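For the single chain, residues carry numbers from 1 onward in sequence order. Worth saying up front: this structure is predicted, and the values here are computed from it rather than measured.
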Amino acid sequence: MDKAYLAWLTVRKENFGTGFEGYLVGNVTTEDEAITRLVGLGMGIWDAIYRLHKHSYAHRKQLEKVIRGESSSVSAIEEWAAIFGAELARQRAQLLHNPEGQAFRSETKRRVEFLPAIEYQVDSTSQVRQSYVLPKTTQLNNPKKIVGGFTDREQLAVLTVQEIGKFGHPLLRAAMQVSHL
């Protein structure tokens, strides 16, 4: 899980801060087009949530609070992890018809292949600290911002594509597996 997450972070830190940019390679030609696609991806996620939970405003609000970092509802975290996994599967399936995207993905995997694994330490206050190494780039830790005159719904979509990747974190995935044993 570490290498897949490090690859995700590498893409996330080099571009618009989402991690989904690698799936746009070969499909977009401008930054504006990439931003439009990323906003559309987030809006599609929320459209699916609204369809699935059309009679439960409270549940939709809980999902929103979790993606905003305002809550840590276990059931909402599990749902976000499932949504993230489903979206990644959808994006990977589309790569089958995109040689440029496949090459980008292979190159990203190659760049992280020999990096050390993520290290975790528990400090004296029981906080888990992590340290990891990402490949060196000129843009590292300085992703471009997705800015524009977005509606509230579009702003939530942008936040969603920027934050949903945290539900793929190796510790979170391991904790969810252990909790379901």
Side-chain angles (χ1 to χ4, degrees), residues 1-25 38 41-49 51-53 56 59-96 101-102 104-123 125-135 137 140-141 143 156-181:
M1 289 188 276
D2 283 359
K3 297 303 179 190
Y5 191 70
L6 291 174
W8 176 265
L9 284 178
T10 298
V11 174
R12 184 175 166 266
K13 296 283 186 175
E14 291 178 349
N15 297 286
F16 291 108
T18 75
F20 286 108
E21 294 85 351
Y23 298 103
L24 301 178
V25 172
L38 291 168
L41 184 100
M43 302 242 327
I45 289 170
W46 278 101
D47 287 345
I49 289 169
R51 280 191 306 275
L52 183 62
H53 302 292
S56 180
H59 190 79
R60 292 191 314 262
K61 195 65 178 169
Q62 188 62 45
L63 287 169
E64 183 178 333
K65 284 181 178 182
V66 168
I67 202 72
R68 289 185 185 280
E70 299 168 356
S71 174
S72 56
S73 159
V74 174
S75 64
I77 289 170
E78 287 179 335
E79 187 165 344
W80 275 118
I83 292 167
F84 178 57
E87 190 56 49
L88 280 182
R90 193 172 8 268
Q91 296 298 319
R92 286 182 188 139
Q94 292 175 5
L95 278 182
L96 295 173
Q102 289 176 12
F104 179 85
R105 186 166 188 244
S106 295
E107 175 60 20
T108 302
K109 284 177 144 181
R110 187 198 60 74
R111 289 173 60 202
V112 301
E113 185 176 339
F114 298 105
L115 294 176
I118 300 173
E119 292 183 15
Y120 301 99
Q121 301 87 26
V122 179
D123 67 17
T125 62
S126 298
Q127 292 278 329
V128 176
R129 305 267 182 225
Q130 66 178 355
S131 58
Y132 54 84
V133 177
L134 295 179
T137 71
L140 197 59
N141 293 323
L156 181 58
V158 169
L159 179 69
T160 299
V161 294
Q162 289 174 330
E163 296 297 320
I164 197 170
K166 66 186 174 187
F167 301 103
H169 191 285
L171 274 183
L172 179 64
R173 289 166 59 187
M176 286 190 307
Q177 284 178 336
V178 168
S179 71
H180 292 294
L181 290 180

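A heavy-atom distance below 4.5 Å is not found between the side chains of M176 and V74. The shortest side-chain heavy-atom distance between K13 and L134 falls under the 4.5 Å cut-off. Residues Q91 and L41 have side chains in contact (heavy-atom distance under 4.5 Å, counting atoms from C-beta outward). Using a 4.5 Å heavy-atom threshold, the side chains of Q177 and R173 count as separate. Looking at heavy atoms from C-beta onward, E14 lies out of side-chain contact with E21 at the 4.5 angstrom threshold. Residues N15 and L24 fail the side-chain proximity criterion, which asks for heavy atoms closer than 4.5 Å. Side-chain contact between Y23 and V11 is absent, with no heavy atoms from C-beta onward closer than 4.5 Å.
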Show me the side-chain donor-acceptor pairs of residues 1-9 shorter than 3.5 Å, one per line, residues at least two apart or across chains.
| unit_1 | atom_1 | unit_2 | atom_2 | d |
| --- | --- | --- | --- | --- |
| D2 | OD2 | I118 | N | 3.3 |
| K3 | NZ | L115 | O | 2.1 |

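Formation of a donor-acceptor pair under 3.5 Å by the E119 side chain with backbone atoms of S131 is not found in this model. Checking side-chain atoms of Q102 against main-chain N and O of L96 turns up a donor-acceptor pair under 3.5 Å. When atom types are taken as modelled, the side chain of W80 and the backbone of L63 share a donor-acceptor pair closer than 3.5 angstrom.
Applying the salt bridge (Lys or Arg N to Asp or Glu O under 4.0 Å) test to E163 and every residue at least two apart in sequence or in another chain returns K166. For E79, there are no salt bridge (Lys or Arg N to Asp or Glu O under 4.0 Å) partners two or more places apart in sequence or in a different chain. In this structure R129 satisfies the salt bridge (Lys or Arg N to Asp or Glu O under 4.0 Å) test together with D123, sequence neighbours excluded. Every salt bridge (Lys or Arg N to Asp or Glu O under 4.0 Å) that E107 has, sequence neighbours left out, goes to R110.
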TODO: Go through I164 and E87 one step at a time and tell me if the side chain to side chain contact (heavy atoms under 4.5 Å, CB included) criterion holds.
DONE: CA-CA 10 Å; I164 197 170; E87 190 56 49; 5.5 Å; no
TODO: Take L38 and Q162 through the test side chain to side chain contact (heavy atoms under 4.5 Å, CB included) and record every step on the way to the result.
DONE: CA-CA 9 Å; L38 291 168; Q162 289 174 330; over 6 Å; no
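Across A76 and V66, no two heavy atoms sit closer than the pair CB-CG2, 3.6 Å. For the residue pair A157 and G42, the shortest heavy atom distance occurs at CB-C, 3.5 Å. Shortest non-hydrogen contact noted between Y120 and P170 is OH-CB, 3.8 Å. Taking both residues in full, the closest heavy atoms of Q62 and S71 are given as NE2-OG, 2.5 Å, listed atom of the first, atom of the second, then distance.
The OG1 atom of T10 sits 6.0 Å away from atom CZ of R111, with the distance rounded to the nearest 0.5 Å. One finds the CD1 atom of I67 at 8.0 Å from the CD1 atom of I83 (value rounded to the nearest 0.5 Å).
Identified under the salt bridge (Lys or Arg N to Asp or Glu O under 4.0 Å) test for residues 62-74, with sequence neighbours left out: K61-E64, E64-R68.
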